[in-house]
Q: 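What follows is a structure written as structure tokens; I'll ask about it next.
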Amino acid sequence: MVQHFSPPKSLHSNRLGAAFYGRPTAVVAKELIGKALLHHVDGQWLGGWIVETEAYLDQGDPASHSARGKTASNASMFSDPGTLYVYPIHAKHCLNAVTQPADQGAAVLIRAIEPVWGLDVMRRLRGYDDVRRLTRGPAMLCQALQIDRGDDGRCLVSDERIGVFTDSIPRVPVIRATKRIGISKAKHRNLRFVDVNSEYLSRKVE
DNA sequence: TAAACGATCTGCT
DNA sequence: GCAGATCGTTTAT
């Protein structure tokens, strides 16, 4: 089967704008499920369908990087909605989309996507042939999409080479809210959103 | 400036 | 399922 390296034209005309991101974080996190995350690298689009996200809130959320205020390292989290916030952890990276009005310090962590565009490039970047090992976790998908700290602060709304898109034929994910993964504070909150039918979740739904 | 921690991943059992 | 690797950022001394 022929692999196509550019997303359908319908995606180009349906980029999510600032109005999408500038809303309550849990709403944005839920509605990002089923949208396409795409990064243009070396003449090719890399990306796929978002199947797992987590909301990190501006107030009363001790698990959020913004909980103790703005610092040099989390500054982009306080930027305009639609800004990319990329942070380093365990010698790897994770990516977020900033939400709500600027300066509030809220964002959505994109934890997993179903790989679709640029599969062979993503295989090379990850070092694995199995598609199941390409984008099944927040640090995996950053590596597969060639996103690191240097991409922190880019704009998902205006940067032509990176963004989130809808399709003219909308996917209809079955969405469920669960507890967030890997945090030690505010464990009880159901702020992780998954497409329960996806084969590409970082962990199974309980 | 030393120590601990973390929104993780991998390989091995 | 679990232990170990890994390194930037934060917190403690």
Side-chain angles (χ1 to χ4, degrees), chain A residues 21 24-30 32-33 37 46 48 50-79 81-100 104-115 122-154 156 164 175-195 198-206:
Chain A
Y21 300 100
T25 307
V27 173
V28 177
K30 183 177 181 180
L32 278 172
I33 303 297
L37 172 66
L46 311 180
I50 297 169
V51 295
E52 179 178 345
T53 62
E54 285 179 358
Y56 286 89
L57 310 181
D58 55 320
Q59 292 182 344
D61 184 1
S64 175
H65 289 175
S66 63
R68 296 178 201 215
K70 188 176 179 178
T71 66
S73 57
N74 70 8
S76 64
M77 200 174 172
F78 292 80
S79 192
T83 298
L84 195 61
Y85 167 48
V86 182
Y87 69 90
I89 184 169
H90 293 287
K92 301 175 178 65
H93 294 92
C94 299
L95 74 89
N96 299 251
V98 176
T99 59
Q100 304 190 163
Q104 292 192 358
V108 174
L109 169 68
I110 299 178
R111 288 190 57 88
I113 69 175
E114 176 183 327
M122 293 195 286
R123 284 188 174 103
R124 179 167 48 79
L125 288 165
R126 287 278 300 134
Y128 297 103
D129 284 338
D130 185 351
V131 289
R132 296 285 189 86
R133 302 189 70 163
L134 297 182
T135 57
R136 214 177 165 156
M140 290 187 203
L141 78 87
C142 275
Q143 189 180 12
L145 267 57
Q146 197 169 304
I147 289 168
D148 62 24
R149 191 94 230 254
D151 298 298
D152 180 56
R154 289 176 71 181
L156 294 166
V164 180
I175 301 173
R176 188 177 302 172
T178 77
K179 293 177 175 54
R180 293 179 291 186
I181 304 292
I183 56 173
S184 58
K185 300 168 185 169
K187 288 181 175 180
H188 58 287
R189 296 198 189 194
N190 288 330
L191 290 172
R192 171 179 177 242
F193 299 90
V194 300
D195 177 351
S198 176
E199 300 292 320
Y200 295 91
L201 301 181
S202 66
R203 293 200 198 174
K204 290 183 178 178
V205 181
E206 296 171 10

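The shown structure was predicted, so the numbers you read here are calculated from the model rather than taken from an experiment. Chain A is the first sequence line, chain B the second, and so forth, proteins listed ahead of strands; every chain is numbered from 1.
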Q: Identify whether a stacking contact exists between Tyr87(A) and dA7(B), where the ring centres must be under 5.5 Å apart and the planes under 30° apart.
A: no
Q: Using a distance-only test with no angle check, is there a side-chain donor-acceptor pair under 3.5 angstrom linking Glu52(A) and Ser202(A)?
A: yes
Q: Tell me, what's DNA chain B's dot-bracket, Watson-Crick or G-U with both distances under 3.5 Å, | for other-strand, [ ] crossing?
A: ||||||.|||||.
Q: Examine distances only and state if a side-chain atom of Arg180(A) and a backbone atom of Ala55(A) form a donor-acceptor pair shorter than 3.5 Å.
A: yes
Q: Once you round it to whole Å, what is the distance between C1' of dC7(C) and NE2 of His93(A)?
A: 10 Å
Q: Please report, rounded to the nearest Å, how far the P atom of dA7(B) is from the CD atom of Glu52(A).
A: 15 Å
Q: Is there a side-chain contact between Arg126(A) and the phosphate of dT10(B), meaning an N or O under 4.0 Å from OP1 or OP2?
A: yes
Q: For residues His93(A) and Ile147(A), determine if any side-chain heavy atom of one lies less than 4.5 Å from a side-chain heavy atom of the other.
A: no
Q: Using a 4.0 Å heavy-atom cut-off, does Thr71(A) contact any base of the nucleic acid, only the sugar-phosphate backbone, or nothing at all?
A: sugar-phosphate
Q: Could you tell me the separation between the CG atom of Leu141(A) and the P atom of dT8(B), rounded to a whole number of Å?
A: 12 Å
Q: Nearest 0.5 Å, what's the CG-CG distance between Leu46(A) and Leu37(A)?
A: 10.0 Å
Q: Of the nucleotides dA7(B), dT9(C), dT8(B), which has the atom closest to the Leu109(A) side chain?
A: dA7(B)
Q: When the distance from CE of Met140(A) to P of dC9(B) is rounded to whole Å, what number comes out?
A: 5 Å
Q: Would you say Arg133(A) and Val131(A) make side-chain contact, with heavy atoms under 4.5 Å?
A: no
Q: Among dA7(B), dT10(C), dC9(B), which nucleotide has an atom closest to any side-chain atom of Ala139(A)?
A: dC9(B)
Q: Starting at the 5' end of DNA chain B, which residue's closest nucleotide do you reach first, Gln143(A) or Tyr85(A)?
A: Tyr85(A)
Q: Give each protein N/O atom lying under 3.5 Å from an N/O atom of nucleotides 11-13 of chain B, with the pair distance.
A:
residue, atom, partner, partner atom, Å
dG11(B), OP1, Tyr128(A), OH, 3.4
dG11(B), OP2, Arg133(A), NH2, 2.8

Q: Write down the distance between CZ (Phe193(A)) and P (dA7(B)), rounded to a whole number of angstrom.
A: 19 Å
Q: Check whether the side chains of Asp152(A) and Ser76(A) place a donor and an acceptor atom closer than 3.5 Å, and report yes or no.
A: yes
Q: With a 4.5 Å heavy-atom cut-off, do Tyr21(A) and Val108(A) have their side chains touching?
A: no
Q: Using whole Å, what does the distance between atom P of nucleotide dT10(C) and atom CG of Asn74(A) come to?
A: 7 Å
Q: What protein N or O atoms touch nucleotides 1-6 of chain B N or O atoms at under 3.5 angstrom, if any, and at what distances?
A:
residue, atom, partner, partner atom, Å
dG6(B), N2, His90(A), N, 3.2

Q: Just the rounded figure in Å: distance from P of dC9(B) to CZ of Arg136(A).
A: 11 Å
Q: Lys92(A) has an atom NZ; how far is it from atom C1' of dT8(B), in whole Å?
A: 6 Å
Q: Is any side-chain nitrogen or oxygen of Ser73(A) closer than 4.0 Å to OP1 or OP2 of dT10(C)?
A: yes
Q: Kindly say if Arg68(A) contacts the phosphate of dT11(C), meaning a side-chain N or O under 4.0 Å from OP1 or OP2.
A: yes
Q: Please report whether the ring centroid of Tyr87(A) lies less than 6.0 Å from that of His65(A).
A: yes
Q: Using the side chain to side chain contact (heavy atoms under 4.5 Å, CB included) rule, take Ile50(A) and Val164(A) through it: C-alpha gap first, then chi angles, then the decisive distance, then the call.
A: CA-CA 9 Å; Ile50(A) 297 169; Val164(A) 180; 4.2 Å; yes
Q: Taking only N and O in the side chain of Arg149(A), is any of them less than 4.0 Å away from OP1 or OP2 of dT9(C)?
A: yes
Q: Within 45° of the ring axis of Tyr85(A) and under 6.0 Å from its six-membered ring centre, is that where the NZ or CZ of Arg154(A) lies?
A: no
Q: Would you say Thr53(A) and Ile33(A) make side-chain contact, with heavy atoms under 4.5 Å?
A: yes
Q: How far does CZ of Arg189(A) sit from NZ of Lys179(A), to the nearest 0.5 angstrom?
A: 13.0 Å
